Amino acid sequence: MAVSKTGRAATVSPDALGAADRQRLLTELERKVLWLSSWTIHHANHIRANRDGVKVGGHQASSASVATLMTALYFDVLRPQDRAAVKPHASPVFHAIQYMLGQQSLEKLQGFRALGGAQSYPSRTKDTDDVDFSTGSVGLGVALTSFAALVQDYVRLKGLGDAGSPLGRMVAVVGDAELDEGNIFEALLEGWKHDVRNLWWVIDYNRQSLDAVVSDRLYSHIDQLFQNMGWRVVILKYGKKLERAFAGPDGEALRDWIDACPNSLYSALVYKGGEGWRKHLTGDLGHLAGIRAFLAAHDDERLHEVMTNLAGHDMGSVLEAFHAIEDDRPTCFIAYTIKGFGLPFAGHKDNHAGLMNENQMAVFQRSMKVPAGSEWDRFAGLQASQGEIEAFLATVPFVARGTRRLKAPAIPIPESLPVPSSQRQSTQEGFGRILSDLATGDSALARHIVTSSPDVTVSTNLGGWVNRRGLFDRHERSDVFREEKVVSAQRWQMSHTGQHIELGIAENNFFILMAALGLAEPIFGARLMPIGTLYDPFIARGLDALNYACYQNARFMLVATPSGITLAPEGGAHQSIGTPLIGLAQDGLTAFEPAFVDELAVLMRWGFEHMQAPEGGAVYLRLSTRPVDQPKRLMTSGLQQAIVSGGYWLSPPSPGAELAIVCQGAVVPEATGAFREILEDIPGAGLLAVTSADRLHQEWLAGKRAGASSHIEGLLEPLAADAALVTVLDGHPATLSWLGAVSRHRVQPLGVEHFGQSGDIPDLYRVYGLDSDAILDAVARACLRRI
Ligand SMILES: Cc1ncc(C[n+]2csc(CCOP(=O)(O)OP(=O)(O)O)c2C)c(N)n1
Ligand SMILES: [Mg+2]
């Protein structure tokens with residue numbers, strides 16, 4: 001067989017080998033994967049030098065549990081167009097598989113969990129071996145596959161991406177305890193609404209979580225749950241050896257016994273081994289001649305082998321089940337497995353973080369027939385020859401196209417976005433009008449924008465865009481209200497040409513959809529410009545998913561509105577205080593809070609570029625429903641630059657000025673009002689508008705490290721060395737209070753520290769200390785008392 005330099009033969013057909021040979025070699029590879037994953041963890045914990053005394057960790061038991069399933073998937077079932085999310089703690093198995101496929105280096109395996117080495121949990125951004133979807137926070141990767149399936153349909157039905165390639169399956173390898181995460185069920189329901197296709201969830205049903213053996217009752221309903229959502233459920237329960245035993249004399253009784261065996265007892269017996277099985281089977285079924293004969297015919301070792309022969313560890317059963325699926329119906333495989341299968345702590349309830357000790361590893365190594373010194377050898381310990389294994393690896397469909405990071409051409413962004421003219425408007429309204437305006441044209445940008453919202457489309461001003469661009473659905477669905485001539489401002493016709501994906505109220509789903517849309521380029525080869533809207537306070541509801549999207553470097557524009565206490569009568573529970581700090585701290589997300597609509601237009605334009613830039617990222621715009629008088633000004637390139645950099649002087653200070661008021665977002669009228677009053681007493685004072693505390697802060701730190709001056713230092717430069725800053729925003733005061741550290745100015749930080757009551761803006765700003773009087777008081781404190 002011709003093998004290329006990279007170890008891959010491009011032209012070898014998987015069918016060249018017979019099914020029996022393939023299964024034999026896959027079983028060999030399964031052993032190898034089990035060995036390598038266990039050894040990688042062992043090496044990191046017991047062999048590599050430990051400099052700080054902190055446990056390195058890694059999950060040998062969780063990895064062993066899934067070795068068969070993942071071997072079958074990666075070496076046989078998955079095709080280049082398929083995409084997978086692997087349960088986080090199976091990372092060593094994933095890396096071992098990639099190592100065998102020539103896509104992971106020895107150095108990275110030896111550096112498992114070390115800087116620059118293979119990551120603890122598969123990571124798109126930090127690993128180099130072709131991770132499709134990062135995982136780590138359980139449940140999120142699973143849900144992502146469902147939204148990725150939706151995005152695949154979206155992209156295909158729009159004719160974007162590689163239309164010639166067959167549709168891929170989105171596959172999640174799921175730990176059974178991941179199903180305790182509510183986000184999975186939210187995703188299941190949303191997926192059902194959107195009729196997602198080409199989705200496989202393979203549940204590693206070892207009936208153990210981190211702390212415990214899971215309740216028997218809880219899991220008896222999993223299959224029904226999936227079926228209710230229209231899924232096919234395939235249960236892989238018993239392997240071929242057990243099935244043969246069930247087919248023998250009194251085999252039915254054996255099946256009944258094992259079926260009724262509580263999870264905890266089964267796990268305990270798995271751990272105890274042959275003797276334990278014999279004792280229980282003799283006690284419970286010893287009166288049956290067939291069972292007595294069965295026990296007599298098996299020594300302890302073989303009895304253990306048969307009784308632990310669950311289908312999730314039986315290569316033949318696994319392959320049969322996977323290959324039987326040929327249609328695109330979502331399918332859930334519930335594969336019975338044993339946590340730690342093949343390792344000394346198999347089945348033990350405390351095995352989650354368990355590591356083999358030196359002696360156990362030595363025994364395991366002998367059983368794997370890996371000679372000392374050949375631990376990393378890709379072929380050591382296998383019965384098949386290196387040539388045979390290499391020839392087989394050259395047929396693996398998953399890597400037939402090499403690594404699968406796809407690219408799509410950049411989308412041209414207009415020089416400027418039109419600013420909706422209105423003497424007085426809110427940033428939220430301006431956002432809706434900017435998008436509406438884009439919707440009327442046929443720019444490449446407009447064609448690639450896709451919007452979404454968790455049931456707040458209309459109330460975040462996306463209505464105009466949706467009316468023009470329609471809702472996305474795989475099926476044509478008419479707008480019944482419109483057909484019945486019921487007057488409504490909203491036209492909600494659905495079809496596959498639509499460019500808005502409407503979600504139910506589940507912010508977690510929303511952020512996972514943003515992740516899936518924002519990864520459309522590398523995953524599906526189609527660049528999208530996702531814009532998602534939600535109420536600012538509900539960022540917290542989906543925060544882990546937002547973090548997850550950013551961690552994967554997904555590109556999207558998050559428009560959060562309304563925000564702060566400025567939503568006023570809408571009130572208490574909807575007030576967001578901490579979100580500006582999230583914007584400041586969230587890696588991969590650049591946060592802005594414009595005060596005026598012309599700023600917003602500049603920032604959206606910049607955002608569309610940033611979402612496409614190699615070193616770019618996601619963008620967060622914190623907007624407001626408060627109508628504000630708009631400035632009449634020329635948007636010079638200098639002003640644009642300053643807005644994007646995070647701030648500019650609305651009214652510049654005189655050289656040596658003693659005071660500046662610094663405001664961010666919707667409080668600009670109060671800041672301006674106070675500023676006008678103090679000009680009488682402090683004529684040289686300045687008024688600074690902050691559009692992005694995040695950008696200012698980031699650049700300030702980077703400048704310090706590089707010994708370069710930053711935008712904020714430049715802005716504050718004209719002020720006197722002992723000048724005072726009064727900072728004000730509708731959010732936590734810490735967002736801007738750090739400005740005092742830039743040039744050692746004295747700061748009086750105003751903002752919101754408490755929340756929870758309705759009111760109008762004058763009342764709430766008075767109560768929380770954001771109104772002009774509060775600003776003037778702060779000015780007085782700063783100037784008069786010199787603190
Ligand atoms: C959101 C979240 N909470 C907690 C954890 C810590 N954790 C990692 S694995 C795990 C249990 C996993 O059990 P299961 O999914 O059944 O996988 P198994 O190890 O049995 O294969 C927990 C609680 C996590 N990674 N993510
Ligand atoms: Mg489990």
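First listed ligand is number 1; within each ligand, the first listed atom is number 1. Keep in mind it's a predicted model, so treat the numbers as computed, not measured.
Among protein heavy atoms, atom 16 (O) of ligand 1 sits closest to Asp176 OD1, 2.6 Å. What sits closest to atom 20 (O) of ligand 1 on the protein, heavy atoms only, is Gln208 O, 2.8 Å. Taking atom 13 (O) of ligand 1 as the reference point, the nearest protein heavy-atom neighbour is Ala177 CB, 3.4 Å. Shortest contact from atom 23 (C) of ligand 1 to any protein heavy atom: Leu210 CD1, 3.7 Å.
In summary, the aromatic rings of Phe322 and Phe333 are positioned with their centroids under 6.0 Å apart.
For ligand 1, the atoms lying closer than 4.0 Å to a non-hydrogen atom of Ser62 are 18 (P), 19 (O), 21 (O). For ligand 1, the atoms lying closer than 4.0 Å to a non-hydrogen atom of Lys87 are 18 (P), 21 (O). The contact set between ligand 1 and Asn206, taken as ligand atoms under 4.0 Å from a residue heavy atom, comprises 18 (P), 20 (O), 21 (O). Listed by atom number, the atoms of ligand 1 under 4.0 Å from Gly136 heavy atoms are 24 (C), 25 (N), 26 (N). Of all atoms in ligand 1, listed by their number and element, those nearer than 4.0 Å to a heavy atom of Lys339 are 18 (P), 19 (O), 20 (O).
The option from Val138, Asp211, Leu140 that lies nearest to atom 26 (N) of ligand 1, judged by heavy atoms, is Val138. With His59, Glu178, His89 as candidates, the residue nearest to atom 12 (C) of ligand 1 on a non-hydrogen basis is His89.
The existence of a salt bridge linking Lys193 and Glu190 is confirmed by a sub-4.0 Å separation between a basic side-chain nitrogen and an acidic carboxylate oxygen.
Residue-level check: among N/O/S atoms of Asp176, OD1 sits closest to the Mg ion (ligand 2).
Angle subtended at the Mg ion (ligand 2) by Asn206 OD1 and Gln208 O: 90°, rounded to 10 degrees.
The number of heavy atoms from other shown groups lying within 6.0 Å of CD (Glu358) is above 12. Atom CZ of Phe185 sits in a crowded spot, with more than 12 heavy atoms from other residues, nucleotides or ligands closer than 6.0 Å.
For the 3.5 Å distance criterion, the side chains of Asp259 and Tyr238 qualify, holding a donor opposite an acceptor. Under the 3.5 Å distance criterion, with hydrogens and angles disregarded, no donor-acceptor pair is assigned to the side chains of Thr125 and Asn553. A donor-acceptor pair shorter than 3.5 Å cannot be found between the side chains of Asp694 and Thr590.
At least one side-chain heavy atom of Leu513 sits under 4.5 Å from a side-chain heavy atom of Leu503. Residues Phe556 and Val619 have side chains not in contact (no heavy-atom distance under 4.5 Å, counting atoms from C-beta outward). Using a 4.5 Å heavy-atom cutoff, the side chains of Leu188 and Trp201 are in contact. Residues Tyr121 and Arg113 have side chains in contact (heavy-atom distance under 4.5 Å, counting atoms from C-beta outward). The shortest distance between side-chain heavy atoms of Tyr548 and Phe511 does not fall below 4.5 Å.
Distance remark: protein heavy atom not present below 4.0 angstrom from atom 4 (C) of ligand 1.
Contacts between Asp204 and ligand 1 below 4.0 angstrom, taking non-hydrogen atoms only, involve the side chain exclusively.
For ligand 1, the polar-atom distance check finds no N/O of Ser137 at less than 3.5 Å from any of the ligand's N/O atoms. No N or O atom of Ser209 sits closer than 3.5 Å to an N or O atom of ligand 1. On a distance-only criterion, Pro88 and ligand 1 share no N/O pair closer than 3.5 Å.
Note on Asp204: not counted as a metal contact of the Mg ion (ligand 2), no N/O/S atom lying under 2.8 Å.
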